[in-house]
Amino acid sequence: MATELSAALNQRGPIRTIGVIGMGYVGIPSAALFASVPGIRRAYGFQRNSPTSGYKIRMLNEGKNPLKGEEPGLDKLLADVVHKGVFHCTDDFTSIQECDAVTIAIQTPFKSPEDLIPDLTALEEGLRQAGRYLTRGTLVVLESTITPGTTCGWAREVLEEESGLLAGRDFALAHAPERVMVGRLIQNIQEHDRIVGGIDEDSTRRAIELYQPVLTKGQIIPMTATAAEVTKTAENTFRDLQIAAANQLALYCEAMGVNFYDVRTGIDSLKGDGITRAILWPGAGVGGHCLTKDTYHLERGVDVAGRTPLDYPQGHESLFVLARHVNDFMPRHTFHLVRQGLSCVGKEVSGSRIAILGFSFLPNTDDARNTPTEQFVNICQIHGAVTEIHDPWVHEYPGFSLSSDIEPVVKDADVLVLMTAHRMYYALDYDWVKRMMRPFPVLVDGRNIVDPDVIIRAGFVYEGIGRGDKNRYPRD
Ligand SMILES: NC(=O)c1ccc[n+]([C@@H]2O[C@H](COP(=O)([O-])OP(=O)(O)OC[C@H]3O[C@@H](n4cnc5c(N)ncnc54)[C@H](O)[C@@H]3O)[C@@H](O)[C@H]2O)c1
Ligand SMILES: CC(=O)N[C@@H]1[C@@H](OP(=O)(O)OP(=O)(O)OC[C@H]2O[C@@H](n3ccc(=O)[nH]c3=O)[C@H](O)[C@@H]2O)O[C@H](CO)[C@@H](O)[C@@H]1O
């Protein structure tokens with residue numbers, strides 16, 4: 001049956017002009033790919049002229065990519081769509097009036113690590129700009145990672161208030177979360193399956209019309225807007241849970257004097273339908289801006305989108321939040337291994353020099369957002385240790401002194417701690433490292449980088465996450 005919205009969309013006709021609000025890691029490749037779709041006459045990149053990001057407007061209109069790091073395919077794509085006159089970046093939001101579809105890819109950080117409440121200030125500004133110039137028959141899609149219930153609730157209200165139009169009658173509204181990884185933005189947008197969730201069926205259909213032409217290998221997975229919000233936050237919550245399960249098992253293995261990696265090999269040998277276990281890897285902590293926050297988006301969603309009372313848990317923490325606590329404990333556990341190793345050689349933490357290798361939260365990147373090393377260093381310093389940090393990728397970080405030269409970091413150190421699995425740490429000459437350190441050196445492996453037997457033979461006291469078979473030297 002025709003609805004008022006379907007009539008408005010039919011009257012608007014096929015999508016020919018698209019706007020993307022937020023020229024960041026998500027918005028830039030997204031806008032460039034929309035602009036490359038045959039039949040798209042204009043793709044606007046709407047970017048506020050802020051002190052920190054306003055520079056992108058000029059760069060983008062010159063066909064240059066303002067993003068850090070290598071993004072295969074993006075430079076050429078941007079140059080092409082600018083040269084063809086299809087893509088145009090602007091801080092003039094009145095052009096939204098021309099758009100058949102507007103997507104919003106604005107950052108949604110937490111206000112602070114403590115309160116875990118999303119800071120929606122920027123997103124609200126973007127929604128109000130979209131609402132102010134919204135016209136009948138337009139599709140609005142939120143791509144930002146948001147708490148379940150936001151699209152159908154708060155975002156809908158802001159758009160309706162600002163536009164005087166009604167979602168589901170005058171304009172279509174959907175959520176299509178981003179699943180891109182920096183370094184593979186174009187490929188991920190084209191090849192990942194795309195979750196598309198409208199507030200109603202007409203909105204879902206219109207959003208599919210927008211995204212289908214961009215996909216190469218990826219398939220559209222349609223659902224409701226709230227289900228799409230739950231999918232995005234839950235897929236990262238589940239990954240965090242899997243990591244927490246590996247971390248908890250590693251702590252068990254240490255306590256039982258067992259090698260976690262033997263156990264992992266055993267568990268992972270279960271292959272086949274319905275019996276394979278997705279066991280991940282333990283480590284010195286979980287960082288980044290996805291897994292450290294999306295669990296709390298999901299948890300909040302139970303309140304924001306809640307229709308009926310949650311049956312379990314009531315009044316205590318969920319499995320998912322407990323998983324967050326396990327992962328957040330791992331930097332402290334790594335410190336406990338430092339203290340344990342030092343006690344084996346009659347040294348105290350206080351006054352010891354600790355050489356820390358790795359600051360970024362992922363190997364071989366300069367991304368240090370929510371890095372576990374930050375917490376680890378703070379714990380060491382609270383206990384009176386002197387810390388030196390090496391990272392070949394991260395050169396500066398507020399409040400921390402980082403060195404890209406490993407020699408001054410390891411020189412005269414009592415303990416060496418491997419916090420990030422950067423490629424170069426696998427090839428280090430640990431005999432040389434030992435000679436640089438003080439007598440009776442301790443090595444703590446937070447990422448299963450070294451062979452414990454090689455390290456013990458080199459004269460180190462070895463401690464490693466999950467290595468209950470090799471820790472507690474000498475054997476008690
Ligand atoms: N970066 C990723 O790999 C990634 C992956 C998945 C999901 N996401 C999600 O996508 C969203 C965007 O992330 P990002 O990494 O692209 O953020 P980003 O900070 O790189 O980009 C956001 C851009 O929006 C601009 N902006 C902010 N307010 C604006 C406004 N009112 N009008 C116009 N422009 C405005 C900022 O200046 C910035 O250029 C977030 O919700 C994030 O969680 C990001
Ligand atoms: C679009 C989006 O949201 N993408 C997410 C993004 O997540 P991300 O950028 O945060 O990277 P992660 O790989 O999840 O690592 C996070 C931290 O967890 C530690 N870790 C990891 C695995 C393990 O077995 N044991 C660990 O301890 C690791 O050291 C690091 O500190 O990319 C993932 C694909 O890489 C995606 O799946 C995931 O949806």
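Not measured: the values here are computed from a predicted model. Whatever order the structure lists ligands and atoms in, that order sets their numbers, starting from 1.
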Chemist: Looking only at distances, please establish whether an N/O atom of ligand 1 is found under 3.5 Å from an N/O atom of S53.
Modeler: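 Yes, there is a polar N/O contact under 3.5 Å.
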
Chemist: Between R42 and E98 (salt bridge meaning N to carboxylate O under 4.0 Å), is one present in this structure?
Modeler: no

Chemist: Starting from atom 42 (C) of ligand 1, find the nearest protein heavy-atom neighbour and note its residue, name and distance.
Modeler: T145 OG1, 4.1 Å

Chemist: Between ligand 1 and R48, is the shortest N or O to N or O distance under 3.5 Å?
Modeler: yes

Chemist: For ligand 1 and V26, I'd like to know whether there is a polar contact (N/O to N/O, distance under 3.5 Å).
Modeler: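 Indeed, backbone or side chain, V26 has an N or O that close.
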
Chemist: Looking at E209 and R206, does any basic side-chain N land under 4.0 Å from a carboxylate oxygen?
Modeler: yes

Chemist: Do any N/O atoms on S50 end up under 3.5 angstrom from N/O atoms on ligand 1?
Modeler: no

Chemist: Mind checking whether F359 and Y397 have ring centres under 6.0 Å apart?
Modeler: yes

Chemist: Any carboxylate oxygen within less than 4.0 angstrom of a Lys/Arg side-chain nitrogen, looking at D262 and R264?
Modeler: no

Chemist: Counting non-hydrogen protein atoms only, what is the nearest one to atom 27 (C) of ligand 1? Give residue, atom name and distance.
Modeler: Q107 OE1, 3.3 Å

Chemist: Hey, do the aromatic rings of F110 and H297 have their centres closer than 6.0 Å?
Modeler: yes

Chemist: Name the residues with a heavy atom less than 4.0 Å from ligand 2?
Modeler: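 Ligand 2 is contacted, at a heavy-atom distance under 4.0 Å, by R179, V180, M181, K232, N236, R239, I243, L280, W281, G285, V286, G287, C290, L291, F361, L362, R447.
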
Chemist: Please classify the M23 to ligand 1 contact at 4.0 Å (heavy-atom distances, strictly less than): side chain, backbone, both or neither.
Modeler: backbone

Chemist: Is K232 salt-bridged to E178, cutoff N-O under 4.0 Å?
Modeler: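 Salt bridge flag = no for E178 with K232.
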
Chemist: Can you list the atoms of ligand 1 that are under 4.0 Å from a heavy atom of F46?
Modeler: 33 (C), 34 (N)

Chemist: Which residue supplies the protein heavy atom nearest to atom 15 (O) of ligand 1, what is that atom called, and how far is it?
Modeler: Y25 CB, 3.7 Å

Chemist: Could you tell me whether R239 and E235 have a side-chain N and a carboxylate O separated by less than 4.0 Å?
Modeler: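 No.
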
Chemist: Who are the side chain to side chain donor-acceptor pair (under 3.5 Å) partners of H325, not counting sequence neighbours?
Modeler: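 In terms of side chain to side chain donor-acceptor pair (under 3.5 Å), with neighbours along the sequence ignored, H325 is linked to E317.
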
Chemist: Out of T108, I106, L185, I104, who is nearest to atom 11 (C) of ligand 1 when you count heavy atoms only?
Modeler: I106

Chemist: Could you tell me which atoms of ligand 1, counted from 1 in the order shown, lie closer than 4.0 angstrom to a heavy atom of I21?
Modeler: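 Atoms satisfying the 4.0 Å criterion: 32 (N), 33 (C).
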
Chemist: Do the side-chain N and O atoms of T121 and D119 include a donor-acceptor pair separated by under 3.5 angstrom?
Modeler: yes

Chemist: Between R324 and D240, is there a side-chain N and carboxylate O pair less than 4.0 Å apart?
Modeler: yes

Chemist: I need the atoms of ligand 1 closer than 4.0 Å to a non-hydrogen atom of G22, numbered in the order shown.
Modeler: 23 (C), 24 (O), 25 (C), 34 (N)

Chemist: Looking only at protein heavy atoms, which one is nearest to atom 5 (C) of ligand 1, and how far off is it?
Modeler: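 Ranking protein heavy atoms by distance from atom 5 (C) of ligand 1, first comes V180 O, 3.4 Å.
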
Chemist: For ligand 1, which atoms, with element, lie under 4.0 Å from some heavy atom of F93?
Modeler: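 It comes down to these atoms of ligand 1: 32 (N), 33 (C).
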
Chemist: So is R179 polar-close to ligand 1, meaning N/O to N/O under 3.5 Å?
Modeler: no

Chemist: Is the gap between the ring centers of H390 and Y425 under 6.0 Å?
Modeler: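 So the answer is yes for these two rings.
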
Chemist: Flag the pair F93 / Y133 as yes when their ring centroid distance falls below 6.0 Å, and as no otherwise.
Modeler: no

Chemist: Donor-acceptor pair, distance only, cut-off 3.5 Å: does the side chain of S53 make one with the backbone of N49?
Modeler: no

Chemist: Are any of the N/O atoms on E178, whether in the backbone or the side chain, positioned under 3.5 angstrom from an N/O atom of ligand 1?
Modeler: no

Chemist: Got a salt bridge between K470 and E254, using NZ or NE/NH1/NH2 to carboxylate O under 4.0 Å?
Modeler: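 No.
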
Chemist: Please work out whether any backbone atom (N, CA, C, O) or any side-chain heavy atom from C-beta onward of H297 is under 4.0 Å from ligand 1, and answer side chain, backbone, both or neither.
Modeler: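 No part of H297 is near ligand 1 at this cut-off.
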
Chemist: Please write down residue, atom name and distance for the protein heavy atom closest to atom 32 (N) of ligand 1.
Modeler: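 For atom 32 (N) of ligand 1, the nearest protein heavy atom is Q129 OE1, 3.3 Å.
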
Chemist: Heavy-atom distances under 4.0 Å decide this one: backbone, side chain, both or neither, for A105 against ligand 1?
Modeler: backbone

Chemist: Looking only at protein heavy atoms, which one is nearest to atom 37 (O) of ligand 1, and what is the separation?
Modeler: Q47 NE2, 2.8 Å

Chemist: Identify the protein heavy atom lying closest to atom 18 (P) of ligand 1, giving its residue, its atom name and the separation to 0.1 Å.
Modeler: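 I find the closest protein heavy atom is G24 CA, 4.0 Å.
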
